[in-house]
Amino acid sequence: MGAQPLIRVEKLQKHFPIRLGAFGERAVTVHALDDATFDIAEGETLSLVGESGCGKSTTGFAILNLHRPTAGRVVYQGRDIATLDEKAMRPIRRDLQIVFQDPYSTLNPRMTVGDAVGEPILFHGLCKRSELPHRIERLLADVGLPPRFAQRYPHELSGGQRQRVAIARALACQPKFIVCDEAISALDVSIQAQIINLLLDLQEKYGLTYLFIAHDLAVVRHISTRVGVMYLGRLAELGTRDQLFGEPLHPYTKALMSAVPEADPVAERNRHRQILEGDVPSPLNPPPGCRFHTRCPIAMAECRTIVPEWRDRGEGHFVACHAVPA
Amino acid sequence: MAFVPMSVPVPDEAPVSLWRDAWSRLLRNRLAVAGLVMVLVLVFAAAFGPMLTPYDFLSQNLEARNLAPSLSHWFGTDDLGRDVFSRVLYGTRTALIVAVVVTAIAVAIGVALGAVAGFFGGLVDRTIMWFTDMTMSVPNLLLVVVINASLKTPLSQWMEARYLVTLNPFYRETIWVDFLLVFGSMALISWPPYARLVRAQVLTIRSRPYVTAARALGLTNRIILIRYVVPNALGPLIVAVSAGLGSAMVLESAFSFLGVGVNPPTPSWGNMISDGLRVWQHYPHLLAAPAAVLGLATVAFSFLGDGLNDALNPRGSK
Amino acid sequence: MLRYIAMRILLWIPSVLLVMLGVYALAFYGAGDPIKLIFLRAPGDVAYDPVRVEAIRESAGLTKPFLEQFANYLLNLLQGNFGNSLNSGRSVWAMISAAAPVSFKLGLCAIVVTALIAVPLGLVAGLNQNTKLDYTILGSALFLWAIPPYVAGPLLMVGLLLILPGIHVPYGWGGVFDARIILPLVVLSFQPIALIVRQTRAAVIEVLSEDFVRTARAKGVPELFVALKHVLRPVLTPVVTQLGLIMITIINGAIFVELVFGLPGLGRLTVQALINSDYPVILAITLIGSLLVMLSNLLVDVLYPLLDPRAATSMKGR
Amino acid sequence: MSERLLDVTDLSIEIETRSGPATIVAGIDLHVDKGETLGIVGESGCGKSLTMLSLLRLLPNKIRVAGGRAEFQGRDLLKLSRRELRQVRGGRIGFVFQDPMTSLNPVMKIGAQLSEPLIYHRDMSRADAWKRSGELLRLVGIPGAEERLHSYPHELSGGMRQRVMIAAGLACEPELLIADEPTTALDVTIQAQIVDLVKELRKRLGMSVVWITHDLALIAGLADRICVLYAGTVVEDAPVDQLFATPGHPYTRGLLASIPRVSGSTMARLSSIGGTPPEPGRRPSGCAFAPRCPLAQEVCRQNAPALQPMQGSSNAHRVACHFAGRLMSEAA
């Protein structure tokens, strides 16, 4: 991992201006993402976890420049792609792909599976028109679908099958990096396992790098190399899978881990849970200082005023918390 | 024990596109089919009707004035001895031509403005929508009447003048003035709903994940518009057009009734109704025939529109 | 909220200006010579004297360039001077203030009647979806929708005369509490009722499939109260919106109704003014009509959040 | 033996489709004892929610009960008159739905919605009901309960809304609380709050709970007994410990195996069940799971297995599989 990272994210920020009130009379800002800094190494799976509204999806969108970042840099192949316009971004999009959460709206209902998968191939001129059917067939085989699916329309497929098509379409560009934005959250348990296996197979076969955005910690634990925990638009902790699950440092990470149930009735009965009080504050008006201090069991005076520094506490284990010794 | 992923069992059936699916849903809806059949009959009557009747819609027969309906004159004759059935049939042609042309113009304007407003947003959007709202705020009957009343004379005079200069018989046909004014003014008041609809559609479709996915694939705006936005916005537009055709027919007859639509002797349901109203008590068939046909046509389009709506936006199906 | 209302009203100014400019241009370039028309229409002994015509034209300011005339007209408007009728010479303001109350009262009554009849009918139809009752209500609504008011009016009038011989022909205006208002009101409400019934029914069916209705039933709330407390409330919001938009339908319908029933309202004034090319009157009526529609749109937009507590804090725009 | 509260036998539910009625729930047998928490587990479309909704006749349009009985306190719920049914709804059986966002009426105040069951079941006056609603909100742990009564649902967070739903379900102290995936729409930390709340309330009020979920891990610490549903039938019914220790049905085993484990090696492939569940109307004959089952034999495609006690285990552990015994011995 000492080598050059595939993507370097520096102080990335995304604020959405919105209008509130019945007549849109109150202009406010959603602090969706603030000061995110991290690397994504080639071939790894970096997962971002956190509760809804914590900014993990925004991070994925901002890295791909699908939402223009408000500030910060995204360095890919030595270029800052955060400020590129749509036209300059176009050739780079081939390398950076995304798979979405909702399998029911991720495909154009008026296009067949074959068209959906074949479109990016033709658009980027990746193969001759005569070879296209063969290419589509191979891509479908890659995601475990028989060739006759090319003629089908999305509404004739199940959720899991649609997600396979969405993955095939992302693969069509022969990308290096795929953002999986809650890509398995909407699927049933048995189908989830199929898709997870598929993602792992494809990673092995094509040397893909994943940014895996999810809220299911059990799944994240299973497939990640490194994991980042986000809270209310800020990264709270980031480290290798074992660091995070073995010795979490941030109080929010600890609470999050303890809230996840385990499929073992005996362990569940004997387990002591640390349950967080209250709700996540609004991203419209995030608390000053450490954003977690309103719910933190060990909050100190300085947490209310000073934003904790994002620092490496050894071996690439980053934490933003005043209570963690350097 | 291992659970090996097996090949996915899928029933082997021909793939069904959403359009074909909607079509088969439409055919199962009895009211919609009734509407569709009535619309087809109207189209047939408009296309071939005048050729099939033994009487010319213009030829007067002063011997046979105001006859009651009979076997030889199905809907009777009017005060100039003209066959009412022939005239109603010809009126179908007038009504359909007006409805189709007006709706086509209105849809073209509406789609263009709505799509531009929805796709570009910002100031463009606000300006177009302001203009749309403004057009909608003028009482539309009033506007059409004013346009017709003020432009008809100068336009006819201009045509007359052109004729004197060019001697081209085309300029003698006052019917063109009629149609131009009727089409123009009706289209002018009919486009705003289409613009609003298309804008709303574009706005929702733009935020769908499949459009974001298309952007992520690097596709250009043009391709996204043509292959993603337009086909998905078409459904609601088709429904609106079907309903719009019906209201355009009613509108045309209303204008003819007020004397600003298609002028006699060209038969139109509106001017037939207007004539019929004057002698209603003595010759009810002169009112009943055109009024009933107009009512049927309206009902037909509204059945078809409702059916299309159900077929194209099936509730509960994903 | 006040800021929002102020902003909206500010936007009316360019809209109204543009509409007025359009109509004024039509009058200026299309109407022919109003003064000449007056003379032609005058009784035979008033000779047509070109010199006199020129003099009148000069004194009326009709020889000035278009924009100057328009500006003068606007300046007069701002001082509350709508000008004089070309036809009768009476002050337009006087004519309007005599006619407007009739139309306004009639229109308001029509809206009230529509709401009182259509909302309960729509609710009943929606609650009994796909039953005979539903089909009856929906079918009648479609039927009403298909009959243009200019046909419904005379038919009802004549029909009533035939059934009840000896009854006075309901013609003219006697105020809201005069029996003569009943027929015009019925005719004027036909189409709005049809619209609102369909809208209410559709909204009821949609709300019925909402989760919170299931919750109410799961709590053991009796069906009657489910309908009144849980279904009706959310349905009213879109229906109120539609009632605002129906303003346009009512204004349009009023033209026919006033004509047929001899009501001295704005509709009849419009038709007379159009026949006489009396542009000062037409301009004034256009202005009032547009403002009325804009006002009702604004009312709806302001009322909506008050009816729906969600809207008060919901996000708008992006 | 403990006392039966609810006993559902051979319940079938059909949906109307273009090509005639299609079976969604095919003869479900399940029961709930007094004071017990039953977990109903299954994937989407397996009929777990519909089964419970059908008990109170809350099925959506075009879906109807085709047969079976559902005895609650000795009376068949499916045969109640409208009046009796209304008394059961919210009175003896409380319901909590999945999505607290859409399940509360957006244009009614919280207090009014909480008061409803009290007004209609307890004949309370509006003022008394309102007062009692405040106490209910306190019971489910909402701070500032009295002020909250005047709030609209959209002014509360998702977790708070779900607490309100629970309060409404509990308002008349029902014998049975049916919770239909009450935490699916919530975040993990909020989910933990709600699970704890229900556990505590159950202890305090002594009611029975049916908790519908697709999450085996969530139900592990919550239920006394679990019913696993697949394609509209109960495939396994067992006390929670036995179900996790010795799952009898290949589907249950597949489900358990497809949950990622702490101890699992990095990047290992998960065991997964191939294929997809059958759509309603396309149920295979015989065992519905046969097309996806690695153990399936000819007999499975011919005959649907009945729910029978597992060999060598207590009567409480029942499995619907022709090879249930073989699976057990393999596992041992």
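We name chains A, B, ... by the order of the sequence lines, and we start the count at 1 in each one.
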Exercise. Given C:Lys219 and D:Gln113, is the side chain to side chain contact (heavy atoms under 4.5 Å, CB included) satisfied, shown in steps?
Worked result: CA-CA 9 Å; C:Lys219 283 190 290 193; D:Gln113 302 195 49; 3.7 Å; yes
For this session: Name the member of C:Arg217, C:Glu210, C:Glu223, C:Arg233 that forms the most heavy-atom pairs with chain D at distances under 4.5 Å.
Result: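 Top option by heavy-atom pairs under 4.5 Å: C:Arg217.
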What do you reckon, is [atom1] of [X] surrounded by more than 12 foreign heavy atoms closer than 6.0 Å?
X	atom1	value
D:Arg92	CZ	no
D:Lys34	NZ	no
D:Asn61	CG	no

Problem set entry | Shortest non-hydrogen separation from C:Arg214 to D:Leu53 and the atoms involved |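 Reported closest heavy-atom pair: NH1-CD1, 3.8 Å.
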For this session: Compare every heavy atom of C:Thr215 with every heavy atom of D:Ser103, then report the nearest pair and how far apart it is.
Result: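 Answer, listing the atom of D:Ser103 first, then C:Thr215: O-OG1, 2.7 Å.
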For this session: Name all residues meeting the ring-ring contact (aromatic ring centres under 6.0 Å, His included) criterion together with D:His31; count only those two or more places apart in sequence or in a different chain, and write none if there are none.
Result: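 D:His31 satisfies ring-ring contact (aromatic ring centres under 6.0 Å, His included) with no residue once adjacent residues are dropped.
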Exercise. Taking only residues two or more places apart in sequence or in another chain, which ones pass ring-ring contact (aromatic ring centres under 6.0 Å, His included) with C:Phe225?
Worked result: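 D:Tyr120.
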Exercise. Between the side chains of D:Glu116 and C:His230, is a donor N or O closer than 3.5 angstrom to an acceptor N or O?
Worked result: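 Judged by distance alone, the side chains do pair up.
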Which answer fits [X], side chain, backbone, both or neither, if we ask what part of it has an atom under 4.5 Å from a heavy atom of chain C?
X	result
D:Arg82	side chain
D:Met101	neither
D:Pro106	both
D:Leu104	backbone

For this session: Output yes when a side-chain donor or acceptor of D:Arg86 lies under 3.5 Å from a complementary backbone atom of C:Gly220, and no otherwise.
Result: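 Yes; at least one donor-acceptor contact below 3.5 Å.
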